[in-house]
2 protein chains.
Amino acid sequence: MKKPQDAYHHGDLRSSLVEEAVRVIEREGLDAFSLREVARRVGVSPNAAYRHFEDKDALLSAVAAHGLGMLSRRMREAIEAVSVRGAGPRAIANLRATGRAYVAFALAKPELFRVTFGRQASPPGPDQTCTNGEPDPYRVLEGCLDALVEASVISPERRAGAELFAWTTVHGYASLALGGGPLASLEPLEPVLDLVIDGVLGPSATSARKPAAKR
Amino acid sequence: MKKPQDAYHHGDLRSSLVEEAVRVIEREGLDAFSLREVARRVGVSPNAAYRHFEDKDALLSAVAAHGLGMLSRRMREAIEAVSVRGAGPRAIANLRATGRAYVAFALAKPELFRVTFGRQASPPGPDQTCTNGEPDPYRVLEGCLDALVEASVISPERRAGAELFAWTTVHGYASLALGGGPLASLEPLEPVLDLVIDGVLGPSATSARKPAAKR
DNA sequence: TCCCGATGTTGACAGCGTACACATTCCGAG
DNA sequence: CTCGGAATGTGTACGCTGTCAACATCGGGA
């Protein structure tokens, strides 16, 4: 009576493989990840994976999609934790919350974050595919900015560049915090978020923001 | 009579290995890179590399250092192309030029850029090691911001967060442009640079910037 | 001159991704 | 109920990889 699309012999391999792959990558690093290792841990033969993924790279892509879904969920949870009803400056707090959640996710699951965003080939379709039914993180950001427009905090035309700018800055902070550059031991996030919000809101509203939250 | 530190049997292997590795990575992707492949192309046995690099990862780190040096050079060249004498708003143009050069490098050599910044382990020392005598890119940015302070365009305290913010935004743009996220087919850079400069200069000087350059 | 250390080579091993052929299990048509 | 094909998992094999140990070669200082 259960209807998951693949629960035949093993009972939802594919999902098991993806989850185990996420675990290996996050706990022992991307270098420790191999098809054979994951299959071994799941308890199937190495080639079983080929019934569900064309090759190793396809499995990695599935891992990336999984990571995207997790990130998206955390951003939405962060929003909900801030506002039950959202309007006015609450919308600004939401935007800030998503940024914080984004960086927190990168720091909490650095290897997964790298796999999620460090890949060249992503589905060329308009939106990324996420593992859960989650909307992809970009849509969450769009929601935040739409709310700002609806609450008349920013003008529609100012919204135009906002998505790119906000995403870009927060993603850059996360990337650099993960260790590549000389900013590895990093300065606090909040001042950066202040500048992001200033940039999004525009020069007029500079001090309309709430004082930076603690931490 | 020549004194390069290692020009014995082969004549500066190590450098040859690094350069060939850069070539392979940039032309055929990181996946096509292997110790054996690089050694093969250079014309030495696979194990010759082990006289110069502890393991594959060490060679990759050398590639990353090489990439850092290239990036740094391009940023400095971009500055020189803008200003023979630098002061006042010229310093702002310099900052913008480094940002443009940073993104241009990432787009021109995407695989190399990924290797350069996508690594977890970097030398823990205060500054990254570059291949050429180049200062690392972070120092170049510091130079730009110092010039802004010296020219009294920004206050010293405003400079504090500026390095992180500027680097972060430009690096994020470059990373996203390389294809991970949904911003792959990307919106123009200049408006983002406008916002970066606004953020660095502070809310007072919003329209002090020059109109965005063409292209 | 000769010898030692730096450099490069050869051979070997385990682990990897993956192709091919085979075994098992599920499910619907008769 | 049976039975056959499709879906799923296994066994075996191949070439490639990173790396180790032992050996060969060279060049410069005693």
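Side chains are part of it too, since the values below use all heavy atoms of this structure and drop only hydrogens, waters and symmetry mates.
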**Watson-Crick or G-U pairs under 3.5 Å in DNA chain C, rendered as dot-bracket with [ ] for crossing pairs and | for another strand** = ||||||||||||||||||||||||||||||
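Going from atom OH of B:Y50 over to atom C1' of C:dA6 covers 19 Å, rounded to whole Å. Per the geometry, CZ belonging to A:R14 stands 16 Å off P belonging to D:dA7, to the nearest Å. To the nearest angstrom, P of D:dG18 lies 13 Å from CG of B:L17. For the pair B:R40 CZ and C:dT9 P, the interatomic distance rounds to 14 Å; values are reported in whole Å. Computed from coordinates, the A:L13 CG to C:dT24 P distance equals 19 Å when rounded to whole Å. What separates NZ of A:K56 from P of D:dT17 is a distance of 14 Å, to the nearest Å. Rounding to whole angstrom units, CZ of residue B:R36 and C1' of C:dT9 are separated by 12 Å. For the pair B:D55 CG and D:dT17 P, the computed distance is 17 Å after rounding to whole Å.
Taking a cutoff of 4.0 Å between a charged side-chain nitrogen and a carboxylate oxygen, A:R27 and A:E111 do not qualify as a salt bridge. Taking a cutoff of 4.0 Å between a charged side-chain nitrogen and a carboxylate oxygen, B:E77 and B:R74 do not qualify as a salt bridge.
Annotation: the span from A:I197 atom CD1 to A:I154 atom CD1 amounts to 11.5 Å, rounded to 0.5 Å. Here OG of B:S45 is found 9.0 Å from CZ of B:R36. Values are rounded to the nearest 0.5 Å. With rounding to the nearest 0.5 Å, the separation of CZ in A:F105 from OG1 in A:T98 is 14.5 Å. Residue A:L60 holds its CG atom at 5.0 Å from CZ of A:R119, rounded to the nearest 0.5 Å.
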Nucleotide N/O to protein N/O under 3.5 Å, stretch nucleotides 21-23 of chain D:
| unit_1 | atom_1 | unit_2 | atom_2 | d |
| --- | --- | --- | --- | --- |
| D:dA21 | N6 | B:N47 | ND2 | 3.1 |

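Considering only heavy atoms from C-beta on, B:V170 comes within 4.5 Å of B:L193 through its side chain. Within the 4.5 Å cutoff, side-chain heavy atoms of A:V200 are placed close to those of A:L145. The shortest side-chain heavy-atom distance between A:V24 and A:L30 does not fall under the 4.5 Å cut-off. Using a 4.5 Å cut-off on side-chain heavy atoms (C-beta onward), B:R41 and B:R23 make no contact. A heavy-atom distance below 4.5 Å is found between the side chains of B:W167 and B:Y102.
Near-neighbour residues of DNA chain D inside residues 25-35 of chain B, defined by a heavy atom below 4.0 Å, number-ordered: B:S34, B:L35.
Mapped onto DNA chain C by nearest heavy atom, B:S45 and A:E54 fall at different nucleotides, with B:S45 at the one closer to the 5' end. Each of B:P46 and A:P46 has a nearest nucleotide on DNA chain C; the 5'-most of these lies closest to B:P46.
Here A:H52 reaches the OP1 or OP2 of D:dG9: one of its side-chain N or O atoms lies under 4.0 Å away.
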